[in-house]
Amino acid sequence: MIEPAFDDPRRPTAAAAFDDLFKTGFTRVVRTLVLMGARRSVAEEHAQEAFFIAYTRWDEVRSKSSPITWVARTAINKWIQDCRTDDRRHALLERAGLLRLTKESNDLSDVDKRLDTQRLLQQLPERQREVMVLHYILDQSVRDIARTLEVAEGTVKSQLYDARHTLASKVQTEDSQGGDTSERERS
């Protein structure tokens, strides 16, 4: 196992700095993944893995302008990689006739389904959901989001604008119809 240089007496704050990052950031990273569509247990697993990687590379990670952004991006990348692997596995099983796929609107726990914010975010296109979560949950700037997602700042601004208008429209529609329209839309 790779151990970071926490034993160096000249750097007594390295362990404390990592502990602070973990204590303040773990829940935010999990929440980010859940709001992006991961099940809570999967989000926790990827967050743990991302923090472990940060721990083993702490000298590199702590020098970043935003270590929590690095950890969140690592967790998101791990989750996306998992999703792609699952998609390939399901496609192979379906082709072999061993699996009958059903399309569901999301794959969230019962507790998470009750959260209006999450339900609304799930109705957004993937890129809009990503920028909303990174901006409003992880408090990232437009510049940081652009770097994280490897897109232009103008693209991030446009996606944020579109997402806000889409959400406002959905909320207004639900308010005028007296409740959750997502159930009616799925029928």
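Put simply, the side chain of Lys78 reaches to within 4.5 Å of the side chain of Ile53, judged on heavy atoms. Between Met132 and Leu167 there is a side-chain heavy-atom pair separated by less than 4.5 Å. With a 4.5 Å cut-off on side-chain heavy atoms, Asp162 and Ser158 count as touching.
Here CZ of Arg164 is found 15.0 Å from OG of Ser169. Values are rounded to the nearest 0.5 Å. The distance from atom OG of Ser141 to atom CG of Leu134, rounded to the nearest 0.5 Å, is 10.5 Å.
For the pair Arg73 and Thr148, the tightest heavy-atom approach, listed with the atom from each and the gap, is CD-CG2, 2.8 Å. Closest approach of Val131 to Leu160, counting heavy atoms only: O-CD2, 3.7 Å. For Val42 against Ala38, the heavy-atom pair with the smallest separation is CG1-CB, 4.5 Å.
For Arg147, the side-chain hydrogen bond (donor to acceptor under 3.5 Å, both in side chains) test picks out Asp144, with sequence neighbours left out. Under the side-chain contact (heavy atoms from CB on, under 4.5 Å) criterion, Thr166 pairs with Leu124, Gln128, Lys170, sequence neighbours left out. Every residue meeting the side-chain contact (heavy atoms from CB on, under 4.5 Å) condition with Thr155, not counting sequence neighbours, appears here in chain and number order: Val151, Ala152, Gln159.
Cluster membership check: Val133 shares its hydrophobic cluster with Ile80, using side-chain heavy-atom separations under 4.5 Å among Ile, Leu, Val, Met, Phe, Trp and Tyr.
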Using residues 64-71 as the side-chain source, report each donor-acceptor pair under 3.5 Å to any protein atom, sequence neighbours left out, with the distance given to one decimal.
residue: Ser66; atom: OG; partner: Thr69; partner atom: N; Å: 3.4
residue: Ser66; atom: OG; partner: Thr69; partner atom: OG1; Å: 2.7
residue: Thr69; atom: OG1; partner: Gln140; partner atom: NE2; Å: 3.4

Please list, one pair per line, the donor and acceptor atoms closer than 3.5 Å that link side chains of residues 14-31 to other protein atoms, with sequence neighbours excluded.
residue: Thr24; atom: OG1; partner: Asp20; partner atom: O; Å: 2.8
residue: Thr24; atom: OG1; partner: Leu21; partner atom: O; Å: 3.4
residue: Arg28; atom: NH2; partner: Leu138; partner atom: O; Å: 2.7

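Evaluation of the salt bridge (Lys or Arg N to Asp or Glu O under 4.0 Å) test over residues 120-137, restricted to residues two or more places apart or in two chains, returns Arg127-Glu130.
Only one option out of His46, Glu49, Glu45 pairs with Trp79 in a side-chain contact (heavy atoms from CB on, under 4.5 Å); it is His46.
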